[in-house]
2 protein chains.
Amino acid sequence: MPGPIQSLSRAAAIMRLLAGGERRLGLSEVATSLDLAKGTAHGILRTLQMEGFVEQDPESGKYQLGAELLRLGQSYLDVHELRARALVWADDLARASGETVYLGVLHQQGVLIVHHVFRPDDTRQVLEVGSMQPLHSTALGKVLLAYDPVARGELGDTALEAYTSRTLTDLTDIDAECALIRERGWADSIEETWEGVASIGALIQDRRRNPVGAVCISGAVERVCEDGFVRPSLVASVRSAARAISRDLGAGRF
Amino acid sequence: MPGPIQSLSRAAAIMRLLAGGERRLGLSEVATSLDLAKGTAHGILRTLQMEGFVEQDPESGKYQLGAELLRLGQSYLDVHELRARALVWADDLARASGETVYLGVLHQQGVLIVHHVFRPDDTRQVLEVGSMQPLHSTALGKVLLAYDPVARGELGDTALEAYTSRTLTDLTDIDAECALIRERGWADSIEETWEGVASIGALIQDRRRNPVGAVCISGAVERVCEDGFVRPSLVASVRSAARAISRDLGAGRF
DNA sequence: GACAGGCGGTCGACATTGTCGACCGGTGTG
DNA sequence: CACACCGGTCGACAATGTCGACCGCCTGTC
């Protein structure tokens, strides 16, 4: 039976719709947005509600995502092997560099943050685990673009948004950048997504040399860069952490 | 069409199964665990995989939860009104008390942590957002048991585990404790779940006085308690924070 | 090295199952 | 007060998901 199960795909679409809209949605909104009969949408929503994936505001009757998703998302992190292996190395990298550390994996047309170490002894920061970053303008994303053909494929049909004046939006520019990244073995992003923020990323691969994710450090451009380029010592730290994680993932094989 | 959609319920069961077992599971394991034909389980898993809710290890062919769950779980937090309103109050409470702050809501037979503020300037701590705590042995849980009939109902059929020698496992003891909690307006838990840890919790209610969650502080029993009882000043802080959050939720109505 | 047993995955017939659109009662609004 | 819209229900219909046998592959074993 090759072919997705219709009701499941529709349920997934409903959950994504609820995740996308910031506010709660009514039954009719859901049904019309996805071209479903109201009865059909209701049946799916009712089941999702029973399972805890969706909750209904008893007052307005509108729907939003449910708590079970948070619980399962946490379970995903618990099982995630890359994340487990990388925890200690990411900590070390944050301490050594004094900057924020992110660990990301390719997910759809972006990078999903699976681990986040705050910059040591700093002001309040919000945890970004579970959020997404663009592929074409971040160090994490560009590393994956350079090494993961799937990531490069995902980029094919999406329009590239310019977040700042330094964002690369032309595909040929991106490809040239990727060639450079492959050649030197690391990626940077200087104010390409957020003004004032620069980051340096490197690839993590598994025992069979497949790309499985990326690490990066990210911080104020004044600290991360020097004379318009990222500091070589920070690059070395990031690459060394990426190698350590990759080696850790490959343990047991050799 | 009152009645859950079969394929959806089965998909949810599969995801819960994958979340429960620490390791990855094979197709046959999933099918036999849930009494499904292999073909059926495969169809569901394939669809879940397409949607990103499940991933398959290409090497072993075994399945685990997927990244989309993490993303949707994060979206749940983003939309969560209680959490949004409580963020700043929880921060204040942590600063004022010097202890860890948790914010939890009832979910199935437990308390789901939706916000967690680390104890100020302390050693490394792991974020527990998305994890569950038992109802009958934590301050958060006992608050909900005392005020939320649904929570009390959930307790009916589950055996109460004794985590320490101080855990209440008899239902009549629990009900007496709940009556006390309702009378004085707050709950505590002194080494009832973890040795050496005490916590103090209070109820959060919405504009219609329905229980919607609870806040608590949690810390070493030596700091939180005095002469075998929790410190009244900490109780006052927690109750004040709970009132502030409740008031915040009720804003716009009055 | 041939076999057996396990795996993940496919296939096609069947009827169970989810889908559809009309319909209901309640609510707020012009 | 009627209208429009909401969330929710119902029953007929056939599209849909389910089932169990089957396939090719790999692994371990005798």
Side-chain angles (χ1 to χ4, degrees), chain A residues 1-18 21 23-66 79 81 206-208 210 252-253, chain B residues 1-18 21 23-66 79 207-208 210 252-253:
Chain A
M1 189 204 332
I5 290 180
Q6 190 187 44
S7 56
L8 264 182
S9 298
R10 288 173 166 180
I14 288 180
M15 286 194 281
R16 266 193 287 272
L17 182 68
L18 290 176
R23 65 187 215 293
R24 290 185 263 256
L25 296 176
L27 170 60
S28 303
E29 289 176 282
V30 170
T32 58
S33 295
L34 298 173
D35 270 318
L36 296 176
K38 233 178 359 176
T40 304
H42 178 61
I44 295 174
L45 279 168
R46 181 161 32 78
T47 308
L48 288 175
Q49 187 182 4
M50 285 181 184
E51 304 291 347
F53 292 96
V54 152
E55 291 170 3
Q56 187 177 24
D57 180 20
E59 200 157 343
S60 64
K62 293 184 185 295
Y63 294 93
Q64 62 174 35
L65 292 181
V79 178
E81 189 181 353
D206 65 9
R207 40 182 159 277
R208 292 199 324 249
N210 291 121
R253 187 61 149 201
Chain B
M1 189 205 331
I5 290 181
Q6 189 187 46
S7 56
L8 265 182
S9 299
R10 287 174 167 181
I14 288 180
M15 286 194 281
R16 266 193 286 273
L17 183 68
L18 290 176
R23 64 186 216 294
R24 290 186 262 257
L25 296 176
L27 170 61
S28 304
E29 287 175 284
V30 171
T32 58
S33 294
L34 299 173
D35 271 318
L36 296 176
K38 234 179 357 176
T40 304
H42 178 62
I44 295 173
L45 279 168
R46 180 161 33 77
T47 308
L48 288 175
Q49 187 181 3
M50 286 179 184
E51 303 292 347
F53 292 97
V54 151
E55 292 169 3
Q56 187 176 25
D57 180 20
E59 200 158 344
S60 63
K62 293 185 186 294
Y63 294 92
Q64 64 174 44
L65 293 182
V79 178
R207 40 181 157 278
R208 291 199 325 250
N210 291 122
R253 188 63 150 197

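Throughout, protein chains are lettered first and strands after them, A, B, ... in sequence-line order, and every chain is numbered starting at 1.
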Distance-only donor-acceptor hits, side chain of residues 5-12 of chain B, under 3.5 Å, sequence neighbours excluded:
| unit_1 | atom_1 | unit_2 | atom_2 | d |
| --- | --- | --- | --- | --- |
| B:Ser7 | OG | A:Ser7 | OG | 2.6 |
| B:Ser9 | OG | A:Glu51 | OE2 | 3.4 |
| B:Ser9 | OG | B:Ile5 | O | 3.3 |

> In whole Å, what is the span from the CG atom of B:Leu45 to the C1' atom of C:dG8?
Replying inline: 11 Å
> Between B:Ile14 (CD1) and D:dT18 (C1'), how many Å, whole number?
Replying inline: 13 Å
> Picking from D:dG8, C:dG9, C:dG21, which would you name as closest to the side chain of A:Leu27?
Replying inline: D:dG8
> Going by number, which of residues 48-57 of chain A have a non-hydrogen atom under 4.0 Å from DNA chain C?
Replying inline: none
What are the atom names and distances for every N/O pair under 3.5 Å that joins the protein to nucleotides 14-16 of chain D?
| unit_1 | atom_1 | unit_2 | atom_2 | d |
| --- | --- | --- | --- | --- |
| D:dT16 | OP1 | A:Gln6 | NE2 | 3.1 |

> To the nearest Å, how far apart are B:Ile44 CD1 and D:dC19 C1'?
Replying inline: 12 Å
> With sequence neighbours excluded, what pairs up with A:Asn210 under the side-chain hydrogen bond (donor to acceptor under 3.5 Å, both in side chains) test?
Replying inline: A:Arg208
Please output the side-chain donor-acceptor pairs of residues 24-32 of chain B that fall under 3.5 Å, not counting sequence neighbours, one pair per line with the distance.
| unit_1 | atom_1 | unit_2 | atom_2 | d |
| --- | --- | --- | --- | --- |
| B:Arg24 | NH1 | B:Gln64 | OE1 | 2.6 |
| B:Arg24 | NH2 | A:Glu81 | OE1 | 3.4 |
| B:Glu29 | OE1 | B:Gly26 | N | 2.7 |
| B:Glu29 | OE2 | B:Arg23 | NH2 | 2.4 |
| B:Thr32 | OG1 | B:Ser28 | O | 3.1 |
| B:Thr32 | OG1 | B:Glu29 | O | 3.2 |

> Rounded to whole angstrom units, what separation is found between the CZ atom of B:Arg46 and the C1' atom of D:dG17?
Replying inline: 11 Å
> For the helix from C:dG1-D:dC30 to C:dA15-D:dT16, how many degrees between its two end axes (five pairs per end), to the nearest 10°?
Replying inline: 0°
> Once you round to the nearest 0.5 Å, how far does OH of B:Tyr63 lie from NE2 of B:His42?
Replying inline: 5.5 Å
>> Say we look at D:dG11 and D:dA15: how far apart would their P atoms be, to the nearest angstrom?
In response: 22 Å
